[in-house]
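Numbers for residues simply follow the sequence, beginning at 1.
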Amino acid sequence: MKMILLRKFRVLILMVFLVACSMHIMIDLLPKLERQGGSGCSCAPSEEPQSWGKKQGWPNKHTLRILQDFSNEPSSNVSSRSLERVPLAVDKALERQERPRADRKGQLKQKAAVAKSAPVTGSRLLALFEHPLYKRSPPPLMEEDTLFNVNQDIRFDPKAAEDHSWAGESNLDEFSPAGELTAESYPNWLRFHIGINRYELYSRHNPVIDALLKDLVTQRITSVAMKSGGTQLKLIMTFQNYGQALFKPMKQTREQETPPDFFYFSDFERHNAEIAAFHLDKILDFRRVPPVAGRLVNMTKEIRDVTRDKKLWRTFFISPANNVCFYGECSYYCSTEHALCGKPDQIEGSLAAFLPDLALAKRKTWRNPWRRSYHKRKKAEWEVDPDYCEEVKQTPPYDSGTRLLDVMDMTIFDFLMGNMDRHHYETFEKFGNETFIIHLDNGRGFGKHSHDEMSILVPLTQCCRVRKSTHLRLQLLAREEYKLSTLMAESLTRDRLSPILIQPHLEAMDRRLRLVLNAVSDCIRKEGYIYAVEDDLLGDREHTGRRRR
């Protein structure tokens with residue numbers, strides 16, 4: 001009797017063991033079966049993470065792990081969506097359908113703002129650019145005023161630059177800008193570079209800029225690498241036509257404001273701020289921001305599969321929600337807790353066209369005199385010394401030329417965006433001190449629409465100096481028929497990722513514009529119009545270079 005019971009007990013244990021093994025096998029196979037027979041989305045990850053190392057030919061020890069999903073974090077790409085193999089004519093319609101409800105409301109508000117104050121016939125933006133203030137011709141360009149002289153034997157060969165990312169990227173079937181070709185046949189990014197001069201990055205009505213913006217959105221990405229330095233993740237993307245652009249991925253939705261307890265130096269960089277900054281810079285007629293466009297990027301095919309940066313590649317993983325994620329390497333916000341996740345592998349980002357390589361056109365970096373302390377407790381000298389500008393005026397290059405006026409333009413530009421992170425700026429070395437300031441790195445703008453940071457305007461209030469052309473354009477943009485928010489709304493609708501800014505940010509620019517004009521009016525009352533407003537509309541440009549004290 002005992003032997004029979006023992007046999008039955010052994011059989012029972014064996015059955016329990018077999019059932020447990022079957023359950024474990026089913027649990028392991030269930031996710032793969034769901035991916036194969038689930039939604040059937042054509043934009044799902046192209047392969048399992050275990051096969052990535054085999055495809056790239058790298059050791060198995062780098063096999064990626066399944067990590068925690070951070071798609072609900074502020075850094076997630078909550079409004080991303082796949083548009084692969086969708087005809088261009090219906091791109092916009094699908095985007096509007098798939099965008100979250102908050103984005104759809106923002107787009108309706110933005111379009112309503114355009115319709116409310118737009119002229120009955122024609123474009124308000126085109127009408128602005130036809131205004132006499134926007135029709136002034138630049139001075140005649142001499143050989144020393146152009147960044148490149150296309151008549152000289154200069155080879156605009158990207159592989160000649162000291163950039164190792166070009167290694168191995170050669171393809172005989174692809175277009176190479178080097179060779180016996182006319183300037184008109186160069187790719188748009190190269191024509192943009194050739195057009196840079198002492199006074200502007202690009203001319204007002206240069207058709208190359210619109211063509212370059214289109215290239216940023218449509219050109220095939222052939223190589224991706226992380227940009228060295230910086231506090232947050234940025235990628236260098238190389239296109240089929242050898243152009244390059246700086247990609248900043250989406251980290252938070254358009255409705256999210258910077259938390260009130262965040263320091264300016266620990267704030268997120270926003271991709272939509274980079275896009276909006278380019279449009280604002282153009283409307284202000286500065287034209288000192290390189291062209292920027294928004295683009296939906298396939299993280300699998302356009303980043304992971306083309307990158308040769310092993311450090312970047314190793315940070316890719318599949319989240320529990322079956323979304324492709326990565327986090328890269330940088331000083332801040334590059335960890336699994338701040339991973340960038342697609343839906344399932346599409347992510348928004350801004351693409352800023354590269355300036356000429358430093359091997360071809362050197363740039364000089366300058367410390368902003370009104371740089372912040374970047375310390376939680378210490379204040380900068382300008383924050384405690386009301387006469388700080390008098391010291392700046394006696395220090396080269398601010399003691400002569402137009403540099404101080406350029407800083408005032410940059411100050412107004414930053415205040416309208418709410419950008420507190422202007423620690424350095426750059427100029428082209430060839431032009432010396434008599435040239436414009438390049439407005440780079442604007443990702444920390446448009447963080448708060450409910451707060452106007454008056455400390456950004458301190459350079460203007462301390463120095464009480466502004467160009468007459470800038471002052472007149474600001475007055476023009478404060479008028480109802482040329483309202484800044486309306487012009488920005490119209491201009492931003494042309495971007496592929498529209499809406500770029502929600503309505504509160506557009507209205508904040510109108511409010512801040514009035515504050516700038518009030519500050520200039522106070523300076524005029526205090527110092528007099530002749531001292532406070534530098535007349536740069538005279539024919540003699542040398543007169544504008546003389547600094548009155």
Side-chain angles (χ1 to χ4, degrees), residues 147 161 163 189 192-193 195-202 209 212-213 216 226-237 243-249 264-265 267-294 330-332 349-372 374 397 403 406-431 433 435-447 456 459 500:
L147 190 61
D163 185 353
W189 64 267
F192 160 58
H193 290 176
I196 298 174
N197 60 64
R198 182 185 298 275
Y199 310 109
E200 57 194 4
L201 272 179
Y202 57 91
I209 301 304
L212 178 57
L213 292 173
L216 292 174
M226 286 188 293
K227 183 181 184 299
S228 60
T231 59
Q232 299 184 36
L233 178 66
K234 294 179 280 290
L235 302 178
I236 299 174
M237 292 187 168
Q244 287 187 305
L246 187 67
F247 179 78
K248 289 190 177 182
Y264 53 88
F265 49 81
D267 189 16
F268 285 119
E269 292 186 6
R270 286 163 286 275
H271 73 301
N272 60 317
E274 293 284 358
I275 300 169
F278 166 69
H279 290 261
L280 176 62
D281 175 81
K282 188 175 181 180
I283 288 174
L284 292 173
D285 201 37
F286 293 155
R287 287 166 286 117
R288 300 165 193 169
V289 175
V292 184
C330 61
S331 302
Y332 290 93
S350 64
L351 277 167
F354 261 34
L355 293 173
D357 191 276
L358 294 177
L360 299 174
K362 293 182 179 180
R363 300 194 298 273
K364 187 170 183 179
T365 301
W366 304 79
R367 181 187 176 96
N368 185 2
W370 282 270
R371 180 184 188 272
R372 297 178 184 274
Y374 288 83
R403 182 61 58 84
D406 288 332
V407 172
M408 298 301 111
D409 286 347
M410 184 174 63
T411 295
I412 294 169
F413 175 64
D414 284 336
F415 180 70
L416 293 175
M417 295 190 299
N419 178 27
M420 303 172 64
D421 190 38
R422 189 69 67 183
H423 44 82
H424 290 84
Y425 63 84
E426 295 184 13
T427 60
F428 287 107
E429 190 174 283
K430 175 181 178 179
F431 304 135
N433 294 336
T435 186
F436 61 92
I437 290 174
I438 309 171
H439 296 166
L440 295 173
D441 199 7
N442 306 297
R444 286 200 169 112
F446 299 103
I456 303 176
I500 303 301

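Put simply, the side chain of Thr427 reaches to within 4.5 Å of the side chain of Arg403, judged on heavy atoms. Residues Trp370 and Thr411 are not in side-chain contact: their nearest non-hydrogen atoms beyond the backbone lie 4.5 Å or more apart. Between Pro249 and His271 the shortest side-chain heavy-atom distance does not fall below 4.5 Å.
Taking CD1 of Ile412 as the reference point, atom CD1 of Ile456 lies at 12.5 Å (rounded to 0.5 Å). Rounding to the nearest 0.5 Å places CZ of Arg287 at 9.5 Å from NZ of Lys282. Atoms OH and CZ, from Tyr425 and Arg363 in turn, are 15.0 Å apart once rounded to the nearest 0.5 Å. Put simply, CG on Leu280 and CD1 on Ile275 are 14.0 Å apart, with the number rounded to the nearest 0.5 Å. If you take CD1 on Ile438 and CH2 on Trp366, they are separated by 12.0 Å, rounding to the nearest 0.5 Å. One distance of note links NZ of Lys227 with SG of Cys330; it measures 12.0 Å at 0.5 Å rounding.
Looking at His193, its side chain does come within 3.5 Å of a backbone N or O of Phe354 through a donor-acceptor pair. Looking at Arg270, its side chain does come within 3.5 Å of a backbone N or O of Gly445 through a donor-acceptor pair.
Judged as a side-chain contact (heavy atoms from CB on, under 4.5 Å), and not counting sequence neighbours, the contacts of Lys362 are Glu429. Partners of Pro291 by side-chain contact (heavy atoms from CB on, under 4.5 Å), not counting sequence neighbours, listed by chain and number: Phe192, Ile209, Leu212, Leu213, Phe278, Ala353. With sequence neighbours excluded, the residues forming a side chain to side chain donor-acceptor pair (under 3.5 Å) with Asp409 are Arg288, Arg467, Thr470, listed by chain and number.
When all heavy atoms are compared, the tightest approach of Gly443 to Ala273 is O-CB, 3.8 Å. The two residues Thr435 and Asp406 make their nearest non-hydrogen contact at O-OD2, 3.1 Å. A pairwise comparison of heavy atoms in Phe446 and Ala276 identifies CE1-CB, 3.6 Å as the closest pair. Nearest heavy-atom pair across Asn442 and Glu274 is N-OE2, 3.1 Å. Here the closest heavy-atom approach between residue Trp189 and residue Gly243 is recorded as NE1-N, 3.3 Å. Of all non-hydrogen atoms in Phe247 and Met237, the two that sit nearest each other are CG-CE, 3.6 Å.
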Point to revise | Stepwise side chain to side chain contact (heavy atoms under 4.5 Å, CB included) check, Met226 with Leu233 | key: CA-CA 7 Å; Met226 286 188 293; Leu233 178 66; 3.8 Å; yes

Exercise for review: Show your working on side chain to side chain contact (heavy atoms under 4.5 Å, CB included) between Leu201 and Phe286 and close with a plain yes or no.
Suggested key: CA-CA 9 Å; Leu201 272 179; Phe286 293 155; over 6 Å; no

Exercise for review: Give the intermediate values and the outcome of salt bridge (Lys or Arg N to Asp or Glu O under 4.0 Å) for residues Lys248 and Asp441.
Suggested key: CA-CA 10 Å; Lys248 289 190 177 182; Asp441 199 7; 2.8 Å; yes

Check your understanding: Would Met420 and Arg444 satisfy side chain to side chain contact (heavy atoms under 4.5 Å, CB included), going step by step from the backbone distance to the final call?
Key -> CA-CA 7 Å; Met420 303 172 64; Arg444 286 200 169 112; over 6 Å; no

**Study point:** Check against side chain to side chain contact (heavy atoms under 4.5 Å, CB included), His279 and Val289
**Key:** CA-CA 9 Å; His279 290 261; Val289 175; over 6 Å; no

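The aromatic rings of His439 and Phe413 sit parallel, their planes meeting at an angle under 30°, below the 60° perpendicular limit.
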